[in-house]
Amino acid sequence: MKVGVVGNPRFADIGALLGRLTEYGAANGCSFLSGPDLVAAWPEPAPSLAADSSIDLLITFGGDGTLLRGARVLNARGVPILGVNLGRVGFLTTTTPDLLEEALAAFQRGEHRLDNRATLDSCIIGEDGTTRSPGSVVLNDIVVHKEGVARVVRVTVWVDDEEVGVYSADGVIVSTPTGSTAYSLSAGGPIVMPDVDSLTITAICPHTLAVRPLVVPGSAVITLQQAKPWRDEVLVSYDGQVEATLKPQDRVVVSRSPDSVKLVRLGNKGYFAGVRQKLQWGDLDDREEK
């Protein structure tokens, strides 16, 4: 089995984890390709993981941000992702460092399931009709937001061909069900189960009580455009990791992609077990140690 590995090199024990991978691979027929950030941390040099590398599994060492970066490296090639949580929440990750070898063995035995997570397509259409796109998969969200000083941005939102209205806010988030537990949730959006065919539109700190999150069909095409008075410092960001600058009359068009990201899941725990454990969902009594 050929496995790609990406991770956060700032984690203190990343070298020890890569050493354990090397030992496991030697005993269980696995070879590893390294993301560029981890090249110096391997006990022995590992081949480089390129965008077109042929692999059977991608392991991400870090939190949700690292997993999102791994999904962007794969760019919807259908390769399963096994997230190993080295962070605090790691809502999208699957396992922990102490269960690393057990998780790999379970994957090799086929004792796992794959969650197919929806992704987003997007393009920026200029006033002259030219288009730009992020060029990679977007798993969580696309956000139009202000830059710099604490001033609002005014964004007109359309769903399909119908205008929803003008949002005066710090920004507007369009999220997948997976992204509903990320930035959108922090901005007051709902939790949407991953298998619900929908998109969510959430305003960031709206300047009126009349603006609330919207859940629209997954087939909807959402358009965002800065409303007058135009500002020069408006950005669009993709999964909080890639961004582009919007000109005053640029339109951001967002739709559900036909591609998906495959997350490895182990054991029998359901979605809400993760919500309770990682997001501390529910009554305070449920947080007491038993």
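For reference, positions follow the sequence shown, starting with 1.
Annotation: the span from Ser255 atom OG to Ile222 atom CD1 amounts to 9.0 Å, rounded to 0.5 Å. Here OG of Ser175 is found 8.0 Å from CG of Asn140. Values are rounded to the nearest 0.5 Å. Rounding to the nearest 0.5 Å gives a distance of 10.0 Å between CD of Gln249 and CZ of Arg251. Residue Asp195 holds its CG atom at 9.0 Å from CG of Asp115, rounded to the nearest 0.5 Å. Residue His112 holds its NE2 atom at 11.5 Å from CG of Leu263, rounded to the nearest 0.5 Å. Residue Leu235 holds its CG atom at 5.0 Å from CD of Glu243, rounded to the nearest 0.5 Å.
Between Arg20 and Pro97, the closest heavy-atom pair is NH2-O, 2.7 Å. Of all non-hydrogen atoms in Pro80 and Val264, the two that sit nearest each other are CB-CG2, 3.6 Å. The two residues Ser122 and Ile142 come nearest to each other via the heavy atoms CB-CD1, 3.3 Å. Across all non-hydrogen atoms, the minimal contact from Gly70 to Ile81 is C-CD1, 4.5 Å. When every heavy atom of Asp37 is checked against every heavy atom of Pro9, the shortest pair comes out as O-CB, 3.5 Å. Across all their heavy atoms, Val138 and Pro134 have their closest contact at CG2-CG, 4.4 Å.
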**OP:** I would like to know whether Ile191 and Leu279 meet side chain to side chain contact (heavy atoms under 4.5 Å, CB included); could you show each step before the answer?
**Re:** CA-CA 11 Å; Ile191 289 181; Leu279 299 185; 4.2 Å; yes
Subject >> Working for side chain to side chain contact (heavy atoms under 4.5 Å, CB included), residues Thr202 and Leu214 >> reply: CA-CA 7 Å; Thr202 307; Leu214 295 177; over 6 Å; no
Subject >> Cys30/Gln108 under side chain to side chain contact (heavy atoms under 4.5 Å, CB included): CA gap, chis, key distance, verdict >> reply: CA-CA 10 Å; Cys30 295; Gln108 286 188 286; 3.5 Å; yes
Subject >> side chain to side chain donor-acceptor pair (under 3.5 Å) evaluation trace for Arg117 with Ser260 >> reply: CA-CA 5 Å; Arg117 298 299 183 93; Ser260 63; over 6 Å; no
**OP:** Take Val253 and Ile125 through the test side chain to side chain contact (heavy atoms under 4.5 Å, CB included) and record every step on the way to the result.
**Re:** CA-CA 8 Å; Val253 180; Ile125 303 177; 3.8 Å; yes
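Not a single side-chain hydrogen bond (donor to acceptor under 3.5 Å, both in side chains) links Arg154 to another residue, sequence neighbours left out.
Under 4.0 Å is where a charged nitrogen must lie from a carboxylate oxygen, and between Lys2 and Asp56 no such pair does. A salt bridge does not link Lys247 with Glu127: none of the charged nitrogens is closer than 4.0 Å to a carboxylate oxygen. Ion pairing of Arg77 with Asp259 is absent here, as no side-chain N (NZ or NE/NH1/NH2) approaches a carboxylate O to less than 4.0 Å. A salt bridge does not link Arg69 to Asp239: none of the charged side-chain nitrogens sits closer than 4.0 Å to a carboxylate oxygen.
Looking only at side-chain heavy atoms (C-beta outward), Tyr271 and Thr181 come within less than 4.5 Å of each other. The shortest side-chain heavy-atom distance between Thr94 and Arg265 falls under the 4.5 Å cut-off. Side-chain contact between Leu185 and Ser180: absent, with no pair of heavy atoms (C-beta onward) separated by less than 4.5 Å. For the pair Thr156/Leu224, no side-chain contact is recorded, criterion being any heavy-atom separation below 4.5 Å from C-beta on. Here the side chains of Val5 and Leu38 are in contact, with some heavy-atom distance below 4.5 Å. Considering only heavy atoms from C-beta on, Leu58 stays 4.5 Å or farther from Val3 through its side chain. Contact check for Asp121 versus Pro258: side-chain heavy atoms found under the 4.5 Å cut-off. At least one side-chain heavy atom of Trp158 sits less than 4.5 Å from a side-chain heavy atom of Gln225.
Using a 4.5 Å cut-off between side-chain heavy atoms of Ile, Leu, Val, Met, Phe, Trp and Tyr, with links allowed through other members, Leu17 and Ile59 fall into the same hydrophobic cluster. Clustering ILVMFWY residues whenever any of their side-chain heavy atoms sit less than 4.5 angstrom apart, transitively, puts Met193 in the very cluster that holds Val261. Placement of Tyr24 and Met1 within a single hydrophobic cluster is found when ILVMFWY residues are connected by side-chain heavy-atom separations under 4.5 Å, directly or transitively. Hydrophobic clustering, with ILVMFWY side chains joined whenever heavy atoms are under 4.5 angstrom apart, groups Phe61 together with Phe11. Residues Val172 and Val236 fall within the same hydrophobic cluster, defined by Ile, Leu, Val, Met, Phe, Trp and Tyr side chains chained together at heavy-atom separations under 4.5 Å.
No donor-acceptor pair under 3.5 Å is formed between the side chain of Thr93 and the backbone N or O of Thr95. Of the possible polar contacts, none joining the Asp250 side chain to the Leu246 backbone as a donor-acceptor pair under 3.5 Å is found. With hydrogens and angles disregarded, no donor-acceptor distance shorter than 3.5 Å links the side chain of Asp141 to the backbone of Gly179. A donor-acceptor pair under 3.5 Å links the side-chain atoms of Thr176 to the main chain of Leu139, judged by distance alone. In this structure a side-chain-to-backbone donor-acceptor pair under 3.5 Å is missing from Asp170 to Val152. Counting only distance, with no hydrogens or angles, the side chain of Lys146 and the backbone of Gly171 share no donor-acceptor pair below 3.5 Å. When atom types are taken as modelled, the side chain of Asp128 and the backbone of Thr130 share a donor-acceptor pair closer than 3.5 angstrom. In this structure, Trp281 contributes its side chain and Gln277 its backbone to no donor-acceptor pair below 3.5 Å. A donor-acceptor contact shorter than 3.5 Å links the side chain of Arg113 to the backbone of Gly267.
Grouped by direct or indirect side-chain proximity (heavy atoms under 4.5 Å, Ile/Leu/Val/Met/Phe/Trp/Tyr only), Ile204 sits with Val143, Ile173, Tyr183.
The environment of Gln241 atom CD is dense: over 12 non-hydrogen atoms of other residues, nucleotides or ligands sit within 6.0 angstrom. Atom CG of Asp98 sits in a crowded spot, with more than 12 heavy atoms from other residues, nucleotides or ligands closer than 6.0 Å.
Using the six-membered ring where Trp is involved, Trp42 and Phe32 have ring planes that are tilted, between 30° and 60° apart.
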